[in-house]
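Owing to the predicted nature of the structure, the values given are computational and were not obtained by experimental measurement. All chains are named by letter (A, B, ...) in the order of the sequence lines, taking the proteins before the strands, and each is independently numbered beginning at 1.
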Amino acid sequence: MQGEALANTEDFGGADPVTGPARAALAGRDAPYAKYDLGRAYDEMFAPDGKPRPPYIALDSRLTSLALEELVRRQQACEQSFLHQGITFTVYSDNQATERIIPTDLLPRIVTAGEWERIERGLTQRITALNLFLRDIYGDGRVLKDGIVPREMIYGSKHYRREMRGLPVPHGSYVNICGSDLVRNEAGDFVVLEDNLRVPSGVSYMLANRDVARRAFPGVFRSMNVRPIEHYPLELLATLRALAPFEQDVSIAVLTPGVFNSAYFEHAFLARQMGVELVEGRDLLVNDNVVYTRTTSGLKRIDVIYRRIDDDFIDPLIFREDSSLGVSGLFNAYRAGNVVIANALGTGVADDKAIYAYVPRLIRYYLSEEPVLDNVETFLCREDKALAHVLANLDKLVVKAVGESGGYGMLVGPHASQAERDTFAQKLKADPENYIAQPTIQLSTAPTFVGDGVEARHVDLRPFILTGTETKIVPGALTRVALKRGSLVVNSSQGGGSKDTWVLSR
Amino acid sequence: MLSRVADSLYWMSRYVERAEHTARVMAVKLESMVEQQPEDARASWARVVEALQDTHWNDLPQDAPAITKRLVFDRENESSLLASLSFARDNARQVREALSNEVWGNLNRLYLHLSGVQADAIWVHSPAILFRDVLDEMQGLEGVTYSTLSHGEGWYFLELGKYIERVQLLGRMLDVHFRQGGVAPKYFDWLVLLKFCTAFEPYTKLYTASIKPQKIAEFLLFDPEFPHSIRFSIDRVTEALARVAPGAPPARRASVERLAGRLKASVDFGQIDELMSGGIATFLSDITRQCEKIHEALFASYITYGAETVL
C-alpha cells in the first residue's frame with residue numbers, strides 16, 4: 001500500500017516494545033479498556049475474569065503502552081490510505097454520488113492454530129458435501145429419492161436452474177469459490193451461520209486489512225508467527241486454471257458488472273493480482289458457441305470466466321432478458337463445453353437458508369461422517385411444529401427470509417418493537433415456507449478501537465474456500481465487525497466494518 | 001489489449017492533458033494579471049476563455065474570480081479543470097487493473113485535493129499557488145506514468161491521448177493569438193503565450209529574448225525537439241500508432257497510419273513565411289481536422305469495430 005500512511009512513524013519499521021513490563025490490563029477497568037463490556041457473549045480477547053487470553057497478551061501489552069492519540073493517528077492514516085487507493089464504495093442519493101470507505105478496525109482478531117485446524121477441516125468437509133449435493137440434484141437426484149431433502153424445496157427454489165440438469169462441471173466442483181460465515185457461540189465454539197455459494201465477496205478486504213494491521217502493530221505481528229495470506233490470488237488463479245480442459249495458455253477473465261458495482265474495487269484488484277483480464281459483458285461476444293473478447297488486435301478467445309455477476313444476469317437469452325450486464329449466448333457456449341464459468345450456475349439452490357438446515361444431514365449422507373462444525377440451531381417454518389414454536393418465541397429469535405442475503409428481509413426479535421414483531425408474524429403466517437428462524441446467538445465480541453478507547457464489538461468470520469481439483473483454504477478470513485455498540489448485524493451494507501484476522505502457525 | 005481498456009486509457013490521458021493545460025494557463029494568467037491594464041487584461045481573459053473552452057461564452061464574467069470559478073471549479077462546465085480531472089479519474093477507475101498503484105494513487109489524490117478546495121478561498125493569498133501545486137502533482141503523475149507502467153500497448157494509447165489532445169489545445173491557443181481582427185496581442189501577451197505553453201525558456205535559448213510573433217509561431221508549430229510544439233506532438237502520435245494493436249490486420253492498420261503520415265508531412269514541410277502572410281488560421285484548422293480524423297480512424301479500426309467484420 002501507499003507511502004503516505006507510513007510518513008513520520010519511526011516505529012512502523014522498527015520493533016514494538018511488546019515484551020515491556022507485563023501489565024495485564026483488565027477489561028472494563030484499565031485504560032484503554034475502561035468502557036470494555038464483558039457481556040454474555042464469548043470475548044475473543046478477555047477471559048471472563050477480565051484478563052487477556054494467552055494469544056492476546058502481546059497485543060494487550062502494546063495497546064496499554066500506546067498513547068490514545070497514536071491509535072487515532074494510525075486509524076486516520078489507514079482511512080486516508082483506503083481513500084487514496086480507491087478502496088471505496090459509492091452511495092447514491094439525491095443525484096449525488098458519495099464515495100465512502102468501508103470502515104476498517106486497526107486491531108487484529110486472532111485465531112489459534114488449533115482453532116484454525118478445526119475450521120479448515122470442517123469447511124473442507126462441508127464444501128465437499130455441498131458439491132456432491134449439487135452434482136446429485138443436477139444429476140440423478142438420489143438425495144431426493146432417498147427422502148433426505150424434500151423435492152419441492154429444490155424444484156421450488158428460485159435459485160434452482162433446470163438448464164443445469166445433466167450438465168457436467170469440471171471435477172464435479174460447482175462451487176469453486178465459497179465464503180462461509182462462521183460465528184463463535186457463547187461456549188466459545190465456532191459454528192457455521194451461512195454458506196455463500198454464489199458470488200461471495202470480501203476477499204480483497206481480507207488482504208487490505210492485513211496491510212493495515214501489520215502496519216499498525218508491526219512488532220506484535222512479527223512476534224506472533226502469523227500465517228501469510230498474500231498468496232490468495234495465486235491460489236485463486238491455480239483453481240481457475242484447473243477448471244480448463246487443457247493446461248497450456250488458458251485464457252482467464254474476471255467478469256464484473258462494471259464500475260458502479262459496490263464490489264468493483266475487488267474485481268479489479270483480483271484481476272490485477274492474478275494478471276488476467278477484467279471484462280464487462282459488453283467486452284464479450286459469443287460466436288458459434290465460442291466466447292471472445294474484443295481486443296485492439298482482434299477477437300481473443302476466453303476459456304475460463306470467474307464471474308462476479310449473479311446467475312440471473314449472466315445471459316439475457318436464457319435468464320433475465322432485461323439484463324445489460326451479461327452476454328447473449330454465453331450459456332450455450334457453456335453448455336457446449338467451450339467455456340468454464342466459476343462458480344457454476346445454479347449453486348444458489350444450496351446456500352438457501354432452508355437448505356442450510358439440512359447441511360449436517362447432507363454431510364452424514366454423502367460422506368458418512370459427523371459434521372466437524374455445527375450449524376446454528378435452525379427452525380424450518382415450513383414445518384408446523386417449528387412454525388408454532390417460532391410464532392410463540394418471536395422475541396427471542398432471529399427470523400430470516402430464505403432467499404435473501406445481506407441482512408435484508410430479516411427480523412431480529414429481541415431488538416424489534418412489538419409492532420414490528422406483529423407485522424412480521426403476519427408475513428410468516430402468510431408464507432411460512434419462505435422463512436427460517438434461529439435463536440439469537442450472541443456472536444463473540446472482539447476488541448475494537450472506537451476513537452476514545454477500545455471496546456467490545458460483535459464479530460463473525462468469513463474464510464474463503466477454493467475448490468478446483470482439491471479444496472484449499474488460505475489461512476485467513478474476513479472478520480466483520482458490527483460497529484454499533486451492542487449490534488449483531490455485521491453486513492457492510494448495514495453499517496458493519498471489518499478487521500484483519502491473524503491465524504497463528506502454532 | 002481489450003478495446004474497452006484502450007478506450008479508457010486514451011480518454012484518461014486526453015483529460016489529464018487537458019487538465020494540465022488548464023492548470024498551467026491559469027497559473028500563468030493569474031501570475032501575470034497584475035501587470036496588465038484593465039482593457040488589455042480583459043482581452044487577454046477573453047483569449048484564455050476561448051482557448052480553453054469548447055463552446056463560446058456569450059456572458060464573459062467581469063472579474064477574475066468569477067471566470068476562474070467557471071474555468072476551474074464548475075462541474076457543470078464540462079471543460080473545467082475539475083470536470084477534466086473527474087473524467088480522467090472515472091476512466092482510470094474503469095481500467096484500474098491496467099494501471100499501477102502509483103498512477104491511480106497520484107491521479108486520485110490530485111482529484112481529491114482539487115475537489116476539496118473552496119473556489120473563493122484561493123483569493124485570500126496568491127490564487128496562482130493552487131495551480132502551481134496542482135502542476136507539481138500533475139508532474140508527479142506524469143513521472144509515475146512514465147516510470148511505473150510498462151511501455152507496451154497501453155502506454156502508447158496513453159501517448160496517443162496525450163499528444164492528440166495537445167495538438168488540439170496548442171492549435172486553439174495559437175489560433176486565438178494569431179487570427180486577424182479583435183484586439184491585437186501586445187508584447188506582453190506574446191510573452192505570456194510562451195509561458196502558457198511552458199515555452200519561454202526553450203524559446204529564448206533558440207531565438208534569444210527577442211520576442212517576435214513569427215518566431216513564436218515557428219517555434220510552437222515546427223520545432224522538432226520541444227515537447228509542447230505541434231510538430232513534436234505529431235511525431236509522438238505517429239510513433240505511438242506504429243506500436244498499438246500489433247496483431248491487427250494490415251488493412252485496418254493502414255487506414256489509420258495513412259492519415260497520420262499525411263498529417264506528419266504537412267508539419268514536416270510547413271513554411272512559416274507562407275503561413276504568416278495570412279494562412280495560419282486555415283493551417284491550424286486543417287491540422288485540427290486531421291487530428292479528429294485520426295481519432296475517428298483509431299476508434300473505428302481498433303476499438304468500436306463490429307464483430308461481424310472480423311469473424
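Residue Arg252(B) does not touch chain A at all, counting heavy-atom pairs closer than 4.5 Å. Contacts of Val95(B) with chain A are made by backbone atoms alone, with heavy-atom separations under 4.5 Å and no side-chain atom involved. Contact annotation for Gln273(A): neither backbone nor side-chain heavy atoms come within less than 4.5 Å of a heavy atom of chain B. Interface remark: Val254(A) contributes no atoms to any contact with chain B (heavy atom separation under 4.5 Å). Neither the backbone nor the side chain of Leu107(B) comes within less than 4.5 Å of any heavy atom of chain A. Interface remark: Leu2(B) contributes backbone and side-chain atoms alike to the contact with chain A (heavy atom separation under 4.5 Å). Using a 4.5 Å cut-off between heavy atoms, Tyr264(A) contacts chain B through its side chain alone, with no backbone atom that close. For Leu285(A), the part sitting under 4.5 Å from any heavy atom of chain B is the side chain, from C-beta outward, and nothing else.
Closest heavy-atom contact between Glu97(B) and Ala268(A): CB-O, 3.6 Å. The two residues Leu278(A) and Arg4(B) come nearest to each other via the heavy atoms O-NH2, 3.0 Å.
Judged by distance alone, with hydrogens and angles left aside, the side-chain atoms of Tyr305(B) form a donor-acceptor pair with the main-chain N or O of Gly298(A) at under 3.5 Å. Under a 3.5 Å cut-off, the side chain of Asn108(B) and the backbone N or O of Leu83(A) do form a donor-acceptor pair. A side-chain donor-acceptor contact under 3.5 Å links Ser297(A) to the backbone of Gly247(B).
Looking only at side-chain heavy atoms (C-beta outward), Thr88(A) and Arg93(B) come within less than 4.5 Å of each other. Inter-residue side-chain proximity for Asn106(B) and His84(A) is flagged as unmet; no heavy-atom pair is nearer than 4.5 Å. Contact of the Glu153(B) side chain with the Thr296(A) side chain is registered, since non-hydrogen atoms from C-beta on lie closer than 4.5 Å.
By the neighbour-count criterion of 12 heavy atoms within 6.0 Å, atom CZ of Arg243(B) is sparsely surrounded, having that number or fewer from other residues, nucleotides or ligands. Residue Glu239(B) qualifies as enclosed at atom CD: its count of foreign heavy atoms under 6.0 Å is above 12.
Interatomic distance, CZ of Arg282(A) versus OG of Ser3(B), reported as 11.0 Å (0.5 Å rounding).
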Chi angles and distances behind the side chain to side chain contact (heavy atoms under 4.5 Å, CB included) call for Thr295(A), Met1(B): CA-CA 5 Å; Thr295(A) 78; Met1(B) 149 158 294; 5.7 Å; no
Should Gln94(B) and Thr256(A) be marked as a side chain to side chain contact (heavy atoms under 4.5 Å, CB included) after you check the CA-CA gap, both sets of side-chain angles, and the distance that decides it? CA-CA 11 Å; Gln94(B) 292 190 41; Thr256(A) 173; over 6 Å; no
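Of all the listed residues (His267(A), Lys300(A), Glu280(A)), the one sharing the greatest number of non-hydrogen pairs under 4.5 Å with chain B is Glu280(A).
Cation-pi geometry between Arg96(B) and Phe265(A) is not satisfied (NZ or CZ under 6.0 Å from the ring centre, within 45° of the ring normal).
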